[in-house]
Asks: 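Can you read through this structure? Questions will come right after.
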Protein chains: 2
Amino acid sequence: MFAIQPTSAEPIYRQIVEQLRRLIAGGQLVAGELLPSVRDVAGFHAINPMTVSRAYGMAETEGLLERLRGKGMAVAATTRSTATQAQRMALLEPQLQDLARHARELELPGDAVLRRLGRLLEE
Amino acid sequence: MFAIQPTSAEPIYRQIVEQLRRLIAGGQLVAGELLPSVRDVAGFHAINPMTVSRAYGMAETEGLLERLRGKGMAVAATTRSTATQAQRMALLEPQLQDLARHARELELPGDAVLRRLGRLLEE
DNA sequence: CCATGTGTATTAATACAACAATACACCTGG
DNA sequence: CCAGGTGTATTGTTGTATTAATACACATGG
């Protein structure tokens, strides 16, 4: 039901859109799959339905979702079921570059950073 | 002279503060070192001097910087010259956790992510 | 057919970031 | 001493972003 942190600095609607991008690219959401309704998501997280609608709307504009009138939003059929690993990696690239820059500013040894990340990736 | 991206979603003043945190923790800015004046930084990046002043002011409140009246801002003397590696790693932890979560949503193999990051860290 | 479920257009409230233009208080250094 | 360098307080404006409240159009499905 989406991982949303209302306290985060990142806007809620963008948290949802970006999560959709990744979950669809990664194949955890498959083409045709029906998403939870805006009211369900909003009720569950105690946020405004329009905030969810805005996220869904942007995802539709982006071609990620499709409107099924009267039924709700579904993962777009045009989506190739799972993006190639290179395509998925590209979605992570900006974050990787930021991380590398910050690590350099902190004068942290590369292998220490890699070890820590490796542990986090195992969980 | 600070790495500032005026187009970024992150506010300019916060980019500066966070960069100061890391550069000081990492030891690239040493206690007593004089920072460039607000007018210099503002002129160089074509931003408002008050935006830089705001960042400096927050850094001073945080204990990172000291006001030297008539001279400018300097790295606070109270700063232990370089934070321990564990302390510096802690500053990177939130970003590492976000990255791990996103990689998982993308269903990316951990070692592929680690390899890419490793390459970025070498540069 | 119509209650019930979709998504959404519209409007408003609120907050925030950045800029601009001053004026000020202070210290340095020749 | 004083010209020129610090940072900063103040006030106002502009543009934008985010969320919320409300009402609406529409399709489903028993």
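Proteins get letters first, then strands, A, B, ... in listed order; numbering begins at 1 in each. These values consider heavy atoms only, across backbone and side chains, with no hydrogens, waters or symmetry-generated copies.
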Asks: Do B/L99 and A/L96 have side-chain heavy atoms sitting under 4.5 Å apart?
Replies: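 Yes, close enough: below the 4.5 Å cut-off.
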Asks: Hey, could you give me each pair passing salt bridge (charged side-chain N to carboxylate O under 4.0 Å, His left out) that has a residue in residues 25-54 of chain A? Not counting sequence neighbours.
Replies: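 Matches after skipping sequence neighbours: none remain.
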Asks: Using whole Å, what does the distance between atom C1' of nucleotide D/dT8 and atom CE of B/M73 come to?
Replies: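 In whole Å, D/dT8 C1' lies 10 Å from B/M73 CE.
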Asks: Calculate the interatomic distance between A/D40 atom CG and C/dT6 atom C1'; express it in whole Å.
Replies: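 Taking CG of A/D40 and C1' of C/dT6, I get 11 Å after rounding.
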Asks: What is the distance, rounded to the nearest whole Å, between atom CD1 of A/I16 and atom P of D/dT18?
Replies: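 So the two atoms are 13 Å apart, to the nearest Å.
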Asks: Residues two or more places apart in sequence or in another chain: which of them pass side chain to side chain contact (heavy atoms under 4.5 Å, CB included) with B/A112?
Replies: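 Partners of B/A112 under the side chain to side chain contact (heavy atoms under 4.5 Å, CB included) test: A/Q85, A/M89, B/P109, B/R115.
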Asks: To the nearest Å, how far apart are B/R54 CZ and D/dT8 P?
Replies: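 Those two atoms, CZ and P, are 13 Å apart.
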Asks: Does B/H45 use its side chain to pair, donor to acceptor, with the backbone of B/M1 at less than 3.5 Å?
Replies: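 Yes; at least one donor-acceptor contact below 3.5 Å.
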Asks: Test: salt bridge (charged side-chain N to carboxylate O under 4.0 Å, His left out). Region: residues 100-109 of chain A. Which pairs qualify, not counting sequence neighbours?
Replies: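 Applying salt bridge (charged side-chain N to carboxylate O under 4.0 Å, His left out) to every pair that reaches into residues 100-109 of chain A, excluding sequence neighbours, yields A/D98-A/R101, A/R101-A/E105, A/E105-B/R22.
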Asks: So do the side chains of B/V17 and B/R21 get within less than 4.5 Å of each other, counting heavy atoms only?
Replies: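 The answer is yes, as the side chains (C-beta and beyond) meet within the 4.5 Å cut-off.
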Asks: Given side chains that start at C-beta, do those of B/F2 and B/L20 come closer than 4.5 Å, heavy atoms only?
Replies: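 Result yes, sub-4.5 Å side-chain heavy-atom pair found.
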Asks: Within the 4.0 Å limit for protein heavy atoms, which parts of nucleotides 9-15 of chain D are touched? Write it as a string from 5' to 3', B for base, S for sugar-phosphate only, - for none.
Replies: B------
Asks: Do any of residues 5-15 of chain A sit with a heavy atom less than 4.0 Å from DNA chain C, and if so which?
Replies: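 Per residue number, the list is empty: none.
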Asks: Just by distance, with hydrogens left out, do A/E93 and A/Q97 show a side-chain donor and acceptor under 3.5 Å apart?
Replies: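 Looking only at side-chain atoms, A/Q97 and A/E93 do form a donor-acceptor pair, the distance falling under 3.5 Å.
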Asks: To the nearest Å, how far apart are A/Y56 OH and C/dA9 P?
Replies: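 Spelled out: OH on A/Y56 to P on C/dA9 is 16 Å.
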Asks: Any N/O pairs under 3.5 Å between the protein and nucleotides 25-29 of chain D? List them or say none.
Replies:
from	atom 1	to	atom 2	distance (Å)
D/dA27	O3'	A/R69	O	3.2

Asks: Keeping the roles fixed (side chain from A/Q15, backbone from A/Q5), state whether a donor-acceptor pair exists under 3.5 Å.
Replies: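 Side chain of A/Q15 to backbone of A/Q5, a donor-acceptor pair under 3.5 Å: yes, one is there.
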Asks: Which is true for B/T51 with a 4.0 Å heavy-atom rule: it touches a base, it touches only sugar-phosphate, or it touches nothing?
Replies: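 Counting heavy atoms under 4.0 Å across all strands, the contact made by B/T51 is with sugar-phosphate only.
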Asks: Are the side chain of A/R88 and the backbone N or O of A/A83 linked by a donor-acceptor pair below 3.5 Å?
Replies: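 Looks like yes, one N/O pair under 3.5 Å.
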Asks: Provide, to the nearest angstrom, the distance between the CG atom belonging to B/N48 and the P atom belonging to D/dT8.
Replies: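 In whole Å, D/dT8 P lies 13 Å from B/N48 CG.
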Asks: Examine distances only and state if a side-chain atom of B/T51 and a backbone atom of B/I47 form a donor-acceptor pair shorter than 3.5 Å.
Replies: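 No, B/T51 side chain to B/I47 backbone: no donor-acceptor pair under 3.5 Å.
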Asks: Report yes if a side-chain nitrogen or oxygen of A/S53 is closer than 4.0 Å to either non-bridging phosphate oxygen (OP1 or OP2) of C/dT8; otherwise report no.
Replies: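 Yes, such a contact exists.
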Asks: How many Å lie between CD on B/E60 and C1' on D/dG7, as a whole number?
Replies: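 These atoms are roughly 9 Å apart.
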Asks: Quickly work out the A/L65 CG to C/dT6 C1' distance and round it to whole Å.
Replies: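 About 14 Å, once rounded to whole Å.
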